[in-house]
Structures are given as structure tokens and as C-alpha cells.
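Below is one structure, written out as C-alpha cells; the observations come after it.
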Amino acid sequence: MNQTLIELLDTRVRAALAAVDCPDAPAVIQPAGRPEFGDYQANGVMGAAKARKMNPRQLATEVLAKLDLAGIASKVEIAGPGFINITLAPEYLAGLSNLALTDANMGVPHPPAQRVVVDYSSPNLAKEMHVGHLRSTIIGDALARVLRFMGHEVIAQNHVGDWGTQFGMLTAYLIEAEQAGDVALSDLEDFYRRAKQRFDEDEVFATHARECVVKLQGGDAQVNALWQKFLDVSLHHCEALYAKLGVGLKREDVRGESAYNDDLPVVVADLQAKGLAVESEGAQVVFLDEFKNKDGEAQAYIVQKQGGGYLYATTDLAAVRYRAGTLHADRVLYVVDARQALHFQQMFTLSRKAGYAPAGMSLEHVGFGVMLGEDGKPFKTRSGGTVKLADLLEEAEQRAYALVSEKNQEMPAEERAVIAKAVGIGAVKYADLSKNRNSDYVFSWDSMLSFEGNTAPYLQYAYTRIASVFRRVETFDTRAPIIINDEAERQLALALARFAEALQTVARETMPHFLCAYLYELATQFMRFYEACPVLKSEGSVRDSRLRLCELTARTLKTGLGLLGIETLEQM
RNA sequence: CUGCCCGUAGCUCAACUGGAUAGAGCAACGGCCUUCUAAGCCGUAGGUUAGGGGUUCGAUUCCCUUCGGGCAGACCA
């Protein structure tokens, strides 16, 4: 299989359109809106008819006469003003399932491979990770996994905040703490708070902190060693959370802001040389007339502060140069808070103008909204503080443990804990990933852990039901073909065949929620099949076929959830 | 003031270059366990897609406008 179902139908319908003298008309294939319209619908005829001032139903009839779907569709008919409704043949769908069972990539075609940089998570290493880092981390991770699965070369980059004045303060405080024999780096948040307090209250300390910034930036060995030590501790903290979350980011993926230090003066000088950056109010500024300020004039984009300091704009420009010049990326995804949308638009525009990003390199801001509490206001603790990511995940596991215990009172505590981890963490991740990332989303323990509807536990449960079947099966033909007799089987096979489409959409739109919606649909179709078609109690080739269908469903669910970074369980 | 995002069932969310009667889940109500895990399945009810105008065979989707919410807009990221 080298194309998805939609691509196949698109090719065939376009060929038919071309045969009736509409060579450039798009087929506009979509999954059918209602069951009675079949499985897919082609909507392109109406547009083509309009362009040629023809009667759409008449044209549809002509297209239908030329449309070759032999062996693919069992029914093709014209409906409404000129829709072509396509119902796929059971034998064809069975064939696709059989193919997917033997294919190493589960029947998912690989598009031309690209080198894709995915910039995600990017916590500030001065502090502990909090809920604000959750979305970038798991959305980015899911996208990286999907792109890799589709055969792309993914370079994950953790653009951590490891530079800036706050690190002067922290190293100064680290010196103090070490002298006092108290290296309390176990709680980063507390360490930061104490350092900040010293900075605000003690002028001598504040001066020392500023000196440390200068020393750090000047390459002073002692301060740099302390800085490295601090980063190491902070990164360990992040990695512990990545491990708990099942996020694949590794130490070698870290390429922090500091990595671009040497290139910052070069960038500014280059922008000046190109006549893009000019001095304004003591700062180096690029005026972009693509963007207007409050007075309707070209908006200023600062690349160097008055006093010579650099900003994130400079760092990001340097990163573009690196990703283009050294990494030769075809595509760069920035999985960053939607509030930075303007910054990215400006930065992308300037990167093009300055020639840092070649025309063939796609720069995409994968923005997302903020997490809200159930009151609709930004997600905070009862006391109004920032919620630590570690605390959130801990609570997820605890809540899941309580629920697992309710359902399995006789189960050993150890097993319950394993299930609780997969379910709790999975629920948190899925609740986030299943929503359109563009909008803010309401974080609700109750709905994500209700285990009903479009949730991770529902999908995990579907998987365990299959696992349970295979625990009970004694013997069957593990190479038996899938044969479709029942409509529930056909619907399940159709859902299975759409896996590739879902992944393709996710990769193209950088929207993980399409994969979630797909998996939910697949699980729902499986549940219906499971209710309607006895597996172990059936006999002969039907039993073998149904077991094979179960097998492919399980693999697809496991693979799909895996691409979201969510574990499956044999039992729950 | 300017720009971006958003407004869909009581609640949380879908709707893939504009397609047919706008779909799910929760909550509500009614069915289904001597049969592979009922964390399930089936059914009922619930809508002027914030309001108004426009484009066309067709608009939740595109354009204009009003209202409401969020965010951003020169030295934080």
C-alpha cells in the first residue's frame, strides 16, 4: 500500500474527471457525512460542473461512467446535487487489513522523507517545571513521534532557558549556599525563591549577583562551573519528569539559549550590514513594514538592547541560522505558547528577509492555548500559586490509583500502582492532546478520569479487552486471513484502514487531536464489533478471522497510543 | 488604538483545501450482564453554530459589521 484510501480514491476520481474533459478539477474526497452516504464521498463534480456551466448531475453521471473502482467499491452512486457516494467492498477492506497485518509499517505509506526540527518543551532551567510546560512537552513529543513513524528524520530540540541575568543571581546564591555548607538544590523552586529574596533584600548580594552575570558571560571558569552544576541539577529534574510523562527528550536533545551566544553579535552585525537593523533609541532595531504599530508605522523588532544585551529575538534568529545552515532542516516546528505568535511571525519574516531561512525551509509556529481551571480562569493552586508539574502528575497517579482500587479490590497493590501510572498519566496527556491545540482548554480531573467517552482510559480499556481475548484463546491459525461477513466487521476494518489518513493529517496540520479522534473512532468501532460479533465462541475460519481483526486492532491502538506517548496495559 | 485567536446542545469538545438532516462524550431519561472485563453496548431528548449583512447551487467554514471573551503590540520569554 503506497497511498492512503483518500489518496487512492482521489486518484481514481480525478482520472474519471479528466476523462470527461475536466483535467484539473479536484476530486474533493471526504469521509461520508452519514452512514447512508457510504464510506467516502467525492464532492468535486459540483465545482467542476459549475466551472464548465454544466448540469452537475449530468456531469456526475458522465464521471461515474468513467470511474474505475473495480475491486475497491461495492457501490458507487450519485446523490443530491451531484455527490458521488462510495461504499468500499468488504473484500477490499479485508485485503487492506491482511496487508496491514504483514506490513512492517502497518500499511502506513511513507511520504518523501524530510528532516524536521521539532523545538519543544523548552523549560526555564532557573525554575522547576510547572503546568505551563505541559502542553509544549506532550504536544511536541507526540508530533515528533508521529513524524518519525512516517519516516521523517526528526531532530528534537529542547531550547531550554539557560541564560540571562537570573543565572547570575542563582550562581551568586549557590556560592553563598556552598560556603554555608547548604547546597539545597533538591527543591529548585525554593532555591530560586530564596535567591530572589536575597537579591531583593540585600544590596551587597544583588551587586555580587550582577558581577556574576558579567563573569558568567565573560567566561569566568568558577562561575561557569557553578552555572553548569546548576543546569545539571535542573536538567535532572526535567528528565525525571520526562521519564514519568513518557516523553522521549534526552540530554543530547538539549540545545539551550546559551548554545547560540557566540553567534549573537554575528547576527546583529549581519543584520546591520544588510541594512535591516538600525540604531534607534540606543538599541539595534529592525523595522518591519509587514507589521504596524499603534501609529500605523512599521513595527520595531529589537535585536539588541540599549547597553548591548541580546534578547530572545536574537537567539531565535541565531537558532534559525543553525537549523538551516548546520542541520539543513526542511521544516522547523516551534511548539510554543500561542501568546508568542506575533514574535514568531516577526522572527520568521525577518529570517526570510535576512536570508537565514531558505525558501524551501518551512517555519511553523505550533501554538497552543493556556490551561484553565474549572472556573475558567488560569489553572492555579487553591492559594493562587503556580502548579508544579511534579505535583500535578503525582495527583493524577493518586486519583487513578483510587479508581483502579475501586474496580480491582483483590488486585495486589503493586499491580494497581502500575495501572494507575499508565491510566493517570495517560489521562492527563490525552485530555490535552485530544483538544484542538489552538484554543485554551479546561483542565478537569473529573472529566479526564471519568474514564468514559473520549478519554485515554476508554482507549486503554478497549486494548485490554483484546488482550483478555488473547489470554483466553488456546489455539488459532495465526496466519489466517481476515474475511468480512458482518457489517460490524466491515466498519472495524474500515476504521483500521484509515490509520494512515489520520497520521497524515496530524503530520500536515501538526494537530495531534486528529489522531485522538481517530483512535476514539477505532475503539468505538471495536466495542461495537465486540458486542455484535462473538470471537472465541465463533468457529472455524470466522473465529480465526475475528481473532486476526482483534490482533490488528490491538496493534493499531497500541501503536497509535504509543505515538501519543500513552501506554497500553494488558489488564486494567 | 492596531493585530492575532476564540464564541457551536446545560457542561467539555468535534466537524479535514466551503458540501447533504452540524456530530461525540458528560449530565438527564429508558433498555441490555447464567455468553470473550458493564471502565462496555443500544436507544430517547437536547441547536436560530453570539447577532446582523454579503459572496453562491450550497456557509460553522470565506468577506464586512456589531457585541462578548482571551492574548499580544520597543528593550522579559
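Naming: A, B, ... by sequence-line order, numbering from 1 per chain.
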Q: Take atom P in B:A45 and the same atom in B:G10, then report the distance between them in whole Å.
A: 16 Å
**Q.** Nucleotide of B:A77, B:C71, B:G40 approaching A:Glu257 most closely (side-chain heavy atoms)
**A.** B:A77
Q. Between A:Glu189 and A:Glu128, is there a donor-acceptor pair closer than 3.5 Å when you use the side chain of the first and the backbone of the second?
A. yes
Q.
Which nucleotide wins on minimum distance to the side chain of A:Arg472, given the candidates B:C36, B:C26, B:C13?
A. B:C36
Q) Syn versus anti for B:C33, judged by chi lying within 90° of 0? A) syn
Q: Between B:G40, B:C36, B:G19, spot the one nearest the side chain of A:Gln41, thanks.
A: B:G19
Q. How many Å lie between OH on A:Tyr518 and C1' on B:C13, as a whole number?
A. 21 Å
Q: Determine the interatomic distance between C1' on B:G25 and the same-named atom on B:G46; round to the nearest Å.
A: 14 Å
Q: Between B:A9 and B:U17, how far apart are the P atoms? Round to whole Å, please.
A: 22 Å
Q) Counting side-chain heavy atoms from C-beta on, which of B:A77, B:U12, B:A74 comes nearest to A:Gln340? A) B:A77
(Q) Side chain of A:Tyr441 only, heavy atoms from C-beta on: which candidate in B:G19, B:C13, B:C16 is closest? (A) B:C13
**Q.** Sidechain-backbone polar pair: A:Asn85 side chain, A:Gln41 backbone, donor-acceptor under 3.5 Å
**A.** no
Q | A:Asn436 side-chain proximity, nearest of B:C41, B:A77, B:A14 | A | B:A14
(Q) Using ring pair (Phe, Tyr, Trp, His ring centres under 6.0 Å), reason through A:Tyr301 and A:Phe287 one step at a time and then give a plain yes or no. (A) CA-CA 6 Å; A:Tyr301 190 62; A:Phe287 289 99; over 10 Å; no
Q. For A:Pro31, which contact category applies under a 4.0 Å heavy-atom criterion: base, sugar-phosphate, or nothing?
A. base
Q. Tell me: CZ of A:Phe348 to P of B:G3, nearest whole Å?
A. 22 Å
(Q) If you compare every side-chain N and O of A:His513 against the phosphate oxygens of B:A15 (OP1, OP2), does one of them come in below 4.0 Å? (A) yes
Q: Identify whether any heavy atom of A:Ala49 sits under 4.0 Å from a base atom; if not, whether one sits that close to sugar-phosphate; answer base, sugar-phosphate or nothing.
A: nothing
Q. In the structure shown, which nucleotide is the Watson-Crick or G-U wobble counterpart of B:U60, with both distances under 3.5 Å?
A. none
Q: For A:Pro457, report the nucleic acid contact type (base, sugar-phosphate, nothing); a contact means any heavy atom under 4.0 Å.
A: nothing
**Q.** Mate of B:U49 where both pairing distances stay under 3.5 Å, Watson-Crick or G-U
**A.** none
Q.
Of the options B:A39, B:G73, B:G19, whose atoms approach the side-chain atoms of A:Glu452 most closely?
A. B:A39
Q: Go through the N and O atoms of the side chain of A:Ser280 and the base of B:A74, and report whether any donor-acceptor pair is under 3.5 Å.
A: yes
Q. Quick one: is A:Tyr458 getting a side-chain N or O under 4.0 Å of the B:C41 phosphate, OP1 or OP2?
A. yes
Q: For nucleotides B:U48 and B:A28, find the distance between their C1' atoms and express it as a whole number of Å.
A: 24 Å
Q.
Using OP1 and OP2 only, check whether a side-chain N or O of A:Gln30 sits under 4.0 Å from B:A20.
A. no
Q. What is the distance from NZ of A:Lys196 to P of B:C76, rounded to the nearest Å?
A. 14 Å
Q) Would you say the side-chain atoms of A:Tyr334 and A:Asp316 include a donor-acceptor pair closer than 3.5 Å? A) no
Q. What do the steps show when you test A:Ser258 against A:Asp162 for side chain to side chain donor-acceptor pair (under 3.5 Å), and what is the final call?
A. CA-CA 6 Å; A:Ser258 65; A:Asp162 61 356; 2.7 Å; yes
**Q.** Spacing of A:Glu474 atom CD relative to B:C36 atom C1', expressed in whole Å
**A.** 13 Å
Q) To the side chain of A:Leu311, which of B:C36, B:A74, B:A77 is closest? A) B:A77
Q. B:C71, B:U21, B:A15: which one has an atom nearest the side-chain heavy atoms of A:Glu36?
A. B:U21
Q: Classify the nucleic acid contact of A:Gln571 as base, sugar-phosphate or nothing, counting any heavy atom under 4.0 Å across all strands shown.
A: base
Q) Pick one: which of A:Tyr120, A:Tyr312, A:Tyr260 meets ring pair (Phe, Tyr, Trp, His ring centres under 6.0 Å) with A:His159? A) A:Tyr260
Q: Name the nucleic acid region contacted by A:Val336, choosing base, sugar-phosphate or nothing; use a 4.0 angstrom heavy-atom cut-off, strictly under.
A: nothing
Q. Between B:C76 and B:A39, how far is it from one C1' atom to the other, in whole Å?
A. 46 Å
Q) Looking across every strand, which nucleic acid part, if any, lies under 4.0 Å from A:Cys516 by heavy atom: base, sugar-phosphate, or nothing? A) nothing
Q: May I ask you to say what A:Ile302 touches in the nucleic acid, namely base, sugar-phosphate or nothing, with a heavy-atom cut-off under 4.0 Å?
A: base
Q) If you pin A:Arg508 and A:Lys407 to their nearest nucleotides in RNA chain B, which one's is more 5'? A) A:Arg508
Q: Mind checking A:Lys435 for me? I need base, sugar-phosphate or nothing, with any heavy atom below 4.0 Å counting as a touch.
A: sugar-phosphate
Q: List the steps and the verdict of side-chain contact (heavy atoms from CB on, under 4.5 Å) for A:Glu570 and A:Phe470.
A: CA-CA 10 Å; A:Glu570 298 306 305; A:Phe470 281 101; over 6 Å; no
Q) Where each residue is assigned the nucleotide of RNA chain B containing its nearest heavy atom, which of A:Ser447 and A:Leu403 is assigned the position nearer the 5′ end? A) A:Ser447
Q | Interatomic distance at P, B:U44 relative to B:G23, whole Å | A | 13 Å
Q: Using a heavy-atom cut-off of under 4.0 Å over every strand shown, decide if A:Met46 touches base, sugar-phosphate, or nothing.
A: base
Q.
The side chain of A:Asn408 is closest to which nucleotide in this list: B:A39, B:C16, B:G19?
A. B:A39
Q) Looking for any heavy atom pair under 4.0 Å, which part of the strands does A:Gln345 touch: base, sugar-phosphate only, or nothing? A) nothing
Q: Please give the nucleotide sitting opposite B:U2 as a Watson-Crick or G-U wobble pair, both distances under 3.5 Å, or none.
A: B:A72
Q) Has the side chain of A:Asn85 got a donor or acceptor atom sitting under 3.5 Å from an opposite partner on the base of B:A20? A) yes
Q: Name the nucleic acid region contacted by A:Ala283, choosing base, sugar-phosphate or nothing; use a 4.0 angstrom heavy-atom cut-off, strictly under.
A: base
Q | Face-to-face stacking of A:Phe83 with B:A20, centres under 5.5 angstrom, angle under 30° | A | yes
Q: Hunt down the Watson-Crick or G-U wobble partner of B:C32, both distances under 3.5 Å, from any strand shown, or write none.
A: B:G40
Q. Between B:A15 and B:A24, how far is it from one C1' atom to the other, in whole Å?
A. 10 Å
Q: Please measure how far the P atom in B:A22 lies from the corresponding atom in B:U49, and state the result in whole Å.
A: 10 Å
Q: Assign the ring pair A:Phe443 / A:Trp445 to parallel, tilted or perpendicular, where the plane angle (0 to 90°) is split at 30° and 60°.
A: perpendicular
Q) Across all strands shown, which nucleotide pairs with B:C13 by Watson-Crick or G-U wobble geometry, both distances under 3.5 Å? A) B:G23
Q: Give a yes/no answer on whether the side chain of A:Arg528 brings an N or O atom under 4.0 Å of OP1 or OP2 in B:C42.
A: yes
Q) Which base sits across from B:C67 as a Watson-Crick or G-U pair, both distances under 3.5 Å? A) B:G7
Q: Would you indicate whether the side-chain heavy atoms of A:Val13 and A:Ile29 approach each other to under 4.5 Å?
A: yes
Q. Heavy atoms, side chains only, cut-off 4.5 Å: are A:Gln340 and A:His343 in contact?
A. yes
Q. Do we see A:Phe37 stacking on the base of B:A20, given a limit of 5.5 Å between centres and 30° between planes?
A. yes
Q. Just checking A:Val442: base, sugar-phosphate only, or nothing, at a heavy-atom cut-off of under 4.0 Å?
A. sugar-phosphate
